[in-house]
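Below, chains carry the letters A, B, ... as their sequence lines are ordered, and counting in each starts from 1. The structure presented is a predicted model; accordingly, all values stated were derived computationally and were not measured.
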Amino acid sequence: MEAVIRTAVAEALATLGLPPSDFVIEHPGDISHGDYACNVAMVSMRAQAVEGTEYTGKKISTLDTFTPRTPTRPGFKNPRELAVLIKEKLEGQIEYVEKIEIAGPGFINFYFTRDFFVAETNRIINLGENWGRNDSWADKKVVVEYTDPNPFKEFHIGHLFTNAVGESIARLFMMAGADVRRVCYQGDVGLHVAHAIWGMQKLGMTSESDFTAKDLGRAYATGATAYKENESAKTEITVLNKVIYERSDERVNALYDAGRRVSLAYFETIYKLVGTEFSEYFFESEAAGVGKELVLNNPEIFPLSDGAHIFEGEKYGLHTRVFLNKLGLPTYEAKELALAKLKNDRLGGYDHSVISTANEISEYFKVLKKAMGFVYPELAAKTEHIGHGMVKLATGKMSSRTGDVISAIDFIADVAQSAHDKITETGMTIASPELSNDIAIGAIKYATLRGSILQDSVFDKERALSFEGDSGPYLQYTHARICSVLDKARAAGIVPSLTPAPTEPYLIEKTLYRFEEVVQAALDDRAPHKVVGYLTELAGAFNTFYAHEKMADATDKFAPYKCLLAQAVATTLKNGLFILAIKAPERL
RNA sequence: GCCUUUGUAGUUAAAUGGAUAUAACUGCGGACUUCUAAGCCGUUAUUCUAGGUUCGAUUCCUAGCAGAGGCACCA
């Protein structure tokens, strides 16, 4: 619809002999201003003024002082006057537009006919699960990497954040028709592993039966602290690091293998909880060798400096970074460089590659991408890094080293307990672990994705445990409410139908059809919060509707249409929640 | 010091350069012989500072201020 109006306005401009301008077609902030608004009159006015010789910019304080400059063009004094001319050309030209009005400084507002909204309701019902999809990435293979926890370290709420962001980005690409491959890159080698193994030895963990993933987190903290505070421990850990790397000690190998297995299995339980299914796993251990080779094979790109192979980012306004340290070990940058190749090889090529991490990596990634441009330009061009904010505690930054982290699993369990209590308290439905979990995940995902992903967030447990107001459970509740009332309507013998519809469209109708645009915008801007905001608005509009209208009332002749509308809202909520990886239970 | 990023009611957030800056939480006050009250209705309060660009700035530019991250061998 937006495109239709855009074309019509552009044609009107041409008919009037005015040059094309970069006007926008948008939804007015206030719904009483119509369904779409266009600022073409203001924009074209500026184009006209700039060409004129008398225009002096800031000296003109009111729009009325504008005068036409070009004799061949129609004369008008202000945007409103131009708007009138454009409006005349548009009148009766656009299907489904009932009324065009000029308002404010010169906005042209479009009001849709009743039929438009009925047709949209019908379209939503017919599309069902496919409602909200677009084909902007149809037939494109998109690799999305996210979460990236390190085995041997605790999977904490920061990982939950990065997972929620990555998962929603992946699903936005799915909605655009892409063949999405979720991948996870995990640090199974490096000093942090040596910290953990040293800690395991100290804490007497020798075989898988001795410890859980949680204990590994403790072992890591023990080792990391000792490394920092105790010289002899530091030496031992350094030696151990080499031993692990070379796999030269049977007992250490056994410890390493057991710890890695336990850690990875533990991560799987979390992925299952949050609704992520990775198609491929990559490990630093496999990227390391490839990375080293890549660096050594490209000495002109990665020259030696101070015994290390570096990339001179400063030549390009970036930082100079070490890719291979003086011990010949590949750094994060070299491994990430290798990772692009590994992904490409294993997945049989791809059209686009997204890597989502906390923004502490953002600066490195710029350097990396620049270097990648020299090593394999075709992959670099397809690679995109999405940095996001970090989760902080009220006390400051989380630290796995000191053990000052909130484990994801504990946090989910706390929120699920709170959900369980609430279900029991209201008694609306039977409490099950699955339902409690779905609500908990809904609450957490919503809280994570409600705002711009660029901002840091401070972990607020009180808030997370509350399900009131803007929240995941609010959306889930609204969905369940619709399912429930539709059941009642069915029992009352009401068959949802497009006719008859009340003369005035409801606010929910004016909100519903925008879902498609929101999904597209959320993907284009890599901004899942747009989906969250939209769903909250829709749910709010529905709850107001619900408070004023009866749906399961057989004596109401509009009940069949209202039921159909409610169904369209439920479909939209469900599809939107899918993008956020939040379940939409039918009972709450 | 340099680079990146964020700054909006008491709090958490929203607003492709648009019309009266929008919600939620908190506070206060309501409605209902009720299709799920995790809901609905009402009410108070906000754009870090100073310039600039623009018909029009929370948004863009410049300079500050404040927070966060980064600035060579951790990731």
Ring centroid separation F152(A) to H192(A) under 6.0 Å
no
Polar-atom pairs under 3.5 Å, protein N or O versus N or O of nucleotides 6-15 of chain B: list them with distances, or write none.
residue, atom, partner, partner atom, Å
A14(B), OP1, S452(A), N, 2.5
A14(B), OP2, Q455(A), NE2, 3.0
A15(B), OP1, H529(A), NE2, 3.0

Using centres under 5.5 Å plus planes under 30 degrees as the test, is Y364(A) stacked with G70(B)?
no
RNA chain B base-pair string [pairs: Watson-Crick or G-U under 3.5 Å; |: paired with another strand]:
(((((((..((((....[...)))).((((.........))))....(((((..]....))))))))))))....
Report yes if a side-chain nitrogen or oxygen of Y474(A) is closer than 4.0 Å to either non-bridging phosphate oxygen (OP1 or OP2) of C25(B); otherwise report no.
no
Would you kindly compare L191(A) and D525(A) by the position of their nearest RNA chain B nucleotide and give the one closer to the 5′ end?
D525(A)
By the definition salt bridge (charged side-chain N to carboxylate O under 4.0 Å, His left out), identify the one residue from E312(A), E363(A), E333(A) that meets it with R321(A).
E333(A)
Can you list the steps and then say if L339(A) with V290(A) is a side chain to side chain contact (heavy atoms under 4.5 Å, CB included)?
CA-CA 8 Å; L339(A) 185 57; V290(A) 180; over 6 Å; no
Got a sec, which residues hit salt bridge (Lys or Arg N to Asp or Glu O under 4.0 Å) with K242(A), two or more places apart in sequence or on another chain?
E246(A)
Assign the ring pair Y316(A) / F311(A) to parallel, tilted or perpendicular, where the plane angle (0 to 90°) is split at 30° and 60°.
parallel
Phosphate OP1/OP2 of C74(B) contacted by N325(A) side-chain N/O (<4.0 Å):
yes
Atom C1', compared across G17(B) and U53(B): separation rounded to whole Å
11 Å
Which whole-number value in Å describes the distance from I423(A) CD1 to A38(B) P?
12 Å
Quantified in whole Å, what is the P atom distance between nucleotide G56(B) and nucleotide G18(B)?
14 Å
Short side-chain donor-acceptor distance under 3.5 Å, Q520(A) and S136(A):
yes
What is the nucleic acid contact for L329(A), judged by heavy atoms within less than 4.0 Å: base, sugar-phosphate only, or nothing?
nothing
The correct set of residues in residues 559-567 of chain A placing a heavy atom under 4.0 Å from RNA chain B is none
Between G1(B) and A19(B), how far apart are the two P atoms, rounded to whole Å?
38 Å
Name every donor-acceptor pair, under 3.5 Å, that has one atom in a side chain of residues 530-542 of chain A and the other anywhere in the protein, sequence neighbours excluded.
residue, atom, partner, partner atom, Å
K530(A), NZ, D525(A), OD2, 2.7
Y534(A), OH, T511(A), O, 2.8
Y534(A), OH, L512(A), O, 3.1
T536(A), OG1, Y446(A), OH, 2.6
T536(A), OG1, V532(A), O, 2.7

Which part of the nucleic acid does A547(A) contact within heavy-atom distance under 4.0 Å: base, sugar-phosphate only, or nothing?
sugar-phosphate
Of the candidate nucleotides G18(B), C35(B), A75(B), which contains the atom at the shortest distance from the side chain of R321(A)?
A75(B)
Atom pairs under 3.5 Å: protein N/O with N/O of nucleotides 2-4 of chain B:
residue, atom, partner, partner atom, Å
U4(B), O4', E363(A), OE2, 3.2

Would you classify D556(A) as touching base, sugar-phosphate or nothing, given that sugar-phosphate means primed atoms plus P, OP1 and OP2, and contacts are heavy atoms under 4.0 Å?
nothing
Centres of the Y36(A) and H27(A) rings: under 6.0 Å?
yes
Identify whether any heavy atom of A492(A) sits under 4.0 Å from a base atom; if not, whether one sits that close to sugar-phosphate; answer base, sugar-phosphate or nothing.
nothing
What does Y332(A) touch in the nucleic acid at a heavy-atom separation under 4.0 angstrom: a base, only the sugar-phosphate, or nothing?
base
Give N543(A) one of three labels, base, sugar-phosphate or nothing, depending on what nucleic acid heavy atoms sit under 4.0 Å from its own.
sugar-phosphate
5'-most by nearest nucleotide on RNA chain B - V189(A) or S305(A)
S305(A)
